[in-house]
Number of protein chains: 2
Amino acid sequence: MDVNLNRRPVPKPDMISNPCAACSVRDMSICSVLNGDELREIASIATTLEFSPHDPIIDEGEPAEFLFNVTGGTVRLYKLLPDGRRQITGFLCNGDFMGIAVNQNYAYSAEAVDRVKVCRFARNRLETLLDKYPHLEKRMLGMASNELIQAQDQMMMLGRKTAKEKIVTFLLSLSQRQVKVGGKASPVALPMSRTDIADYLGLTTETVSRTFSLLKRDHAIRIEEGGMISLPDIDSLQQVADGY
Amino acid sequence: MDVNLNRRPVPKPDMISNPCAACSVRDMSICSVLNGDELREIASIATTLEFSPHDPIIDEGEPAEFLFNVTGGTVRLYKLLPDGRRQITGFLCNGDFMGIAVNQNYAYSAEAVDRVKVCRFARNRLETLLDKYPHLEKRMLGMASNELIQAQDQMMMLGRKTAKEKIVTFLLSLSQRQVKVGGKASPVALPMSRTDIADYLGLTTETVSRTFSLLKRDHAIRIEEGGMISLPDIDSLQQVADGY
DNA sequence: CGGTGCATTGATCAGAATCAATGATCGTGG
DNA sequence: CCACGATCATTGATTCTGATCAATGCACCG
């Protein structure tokens, strides 16, 4: 997913005067509701950062000083129990906003899955902007609503679906996400490890692996070059995911 | 949707001029940020309704015409799979807002657990008010944030906790809720059935029942008059809930 | 080449589900 | 007022899904 390994892109002229205007994920992010001047203003409080795989981005419990917009790569959000059990609450990518669910302190941790680019805002300065631009605040509320809906689907998955249903639901959600950002539905990229998938679905790595093997055997999925997974019959997978 | 079975309550005098000012849950609800005039205004677009146990309040998939504030009783939010498996995504009570996680259509269903009172707003009229009063919108965003944090805790519970940990976590959350609305921590009221608890925790009724028996045997909980559950040692229960 | 980390596969186990029966509670009507 | 039925909760016996324990395979990299 945009693994820009070595060099960073050479800034184009318009990126210097108004970098956010040239942002590739602007349409999907909170920034989609901002006009040119507003974009310039938000650019002035934004810092772009890059993270390597496994780098921590935020730590649960720390003061919530910053909010983030993911502009490249994949981020995992997770919580830990004292004995080390981990629940990944979501994978974020292009355009996703990180830090809505925050009071004084972060309620979860975040790490880079692959090479990640983010846009970072100081919390208090972003809040000033929110006060100034109610339509930005409205946009945030809209994004929070969507996250809540997703969270409920996730609860259904964790509480009531079988291992097979979970895996298929997961693959379909990745597929839909790819479509939403303008990609193809079928060969799905899996940047995260089996352990990550397990901790997201409430399973173990072994069960994830076995379930993949099962789906392969039944020709419900096929492994392509570079670990991409193709979904030959999305409709029938959707039936499986919904428990029919 | 509007299943107001018999009669509605007789309004008291102050409820007529400004019913919301007298609302017992105002401090906890979205309305806490509104002043006298604003309260009068929101009152003008609000309808109070009552529901009996098991009455449907909203239906997943229906157009999201209304939003609600719970002012009494307990509401269960849930989603269903086609084969009938149910996941309860939350129990709402006094002061909770219902409908943040809503686009054009409701993303979940809601039913009355016991006798429920709500304040109902037409969605479009409430949105007009949100545009007019940015601090109300800010309040909504704050409530949405809190719901997201809760949702993440819920995911951790569903995905990674054992049956015993789930039940104890659940009891403690009820206890904390009681404290938040000004009640006592220890004898906890359980208005919902074992089946509801099971569908909330991703368990079966039998497992819920067995786990209660286990906790009773170990003197971790005690059943009081009227089905109230007392928690003799909240600190040690907290240890269990956190998986130590 | 050998090491390290990740994925797969196998064997066994355990926690919770399922199937089944009994018990408690409550509302209703005789 | 009691008896009956309905609903819900509890308990027991058994099954089964997914976890755990363990070994092997595979790819990447110094």
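Every heavy atom of this structure was used, including side-chain atoms; hydrogens, water molecules and symmetry mates were not. By convention in this document, chain letters (A, B, ...) are assigned in the order of the sequence lines, proteins followed by strands, and residues within each chain are numbered from 1.
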* Please determine if B:D196 and B:R86 form a salt bridge, counting it only when a charged side-chain N lies under 4.0 Å from a carboxylate O. => yes
* To do: Using whole Å, report how far CD1 of A:I223 lies from C1' of C:dC6.
  => 15 Å
* **Test side-chain hydrogen bond (donor to acceptor under 3.5 Å, both in side chains) applied to A:E224 - qualifying residues, sequence neighbours left out** => A:R222, A:S230
* Quick one: list whatever passes salt bridge (Lys or Arg N to Asp or Glu O under 4.0 Å) with B:D153, sequence neighbours left out. => A:K79
* Structure fact -> Between CD1 of B:I197 and C1' of D:dT10 the distance, given in whole Å, is 14 Å
* Listed by chain and number, what are the side-chain hydrogen bond (donor to acceptor under 3.5 Å, both in side chains) partners of A:R177, not counting sequence neighbours? -> A:D96
* Taking NE2 from A:H54 and C1' from C:dT4, how many angstroms apart are they, rounded to a whole number? -> 13 Å
* To do: Answer yes or no: is there an ion pair linking A:R76 with A:E111, defined by an N-O contact shorter than 4.0 Å?
  => yes
* Structure fact -> Separation of D:dG12 atom P from B:L214 atom CG, nearest Å, is 13 Å
* Structure fact -> Heavy-atom contacts, protein to nucleotides 7-18 of chain C, under 4.0 Å, summarised as B (base), S (sugar-phosphate only) or - (none) per nt, yield SBBBB----SSB
Pairwise N/O distances under 3.5 Å, protein to nucleotides 26-30 of chain D:
none

* To do: Would you please say whether a donor-acceptor pair under 3.5 Å links the side chains of A:T48 and A:R120?
  => no
* To do: Please name all residues satisfying ring pair (Phe, Tyr, Trp, His ring centres under 6.0 Å) with A:Y200, sequence neighbours left out, ordered by chain then number.
  => A:F91, A:F170
* To do: Rounded to the nearest angstrom, tell me the gap between atom CZ in B:R217 and atom C1' in D:dT10.
  => 15 Å
* Residues A:R85, A:D199: salt bridge by 4.0 Å N-O rule -> no
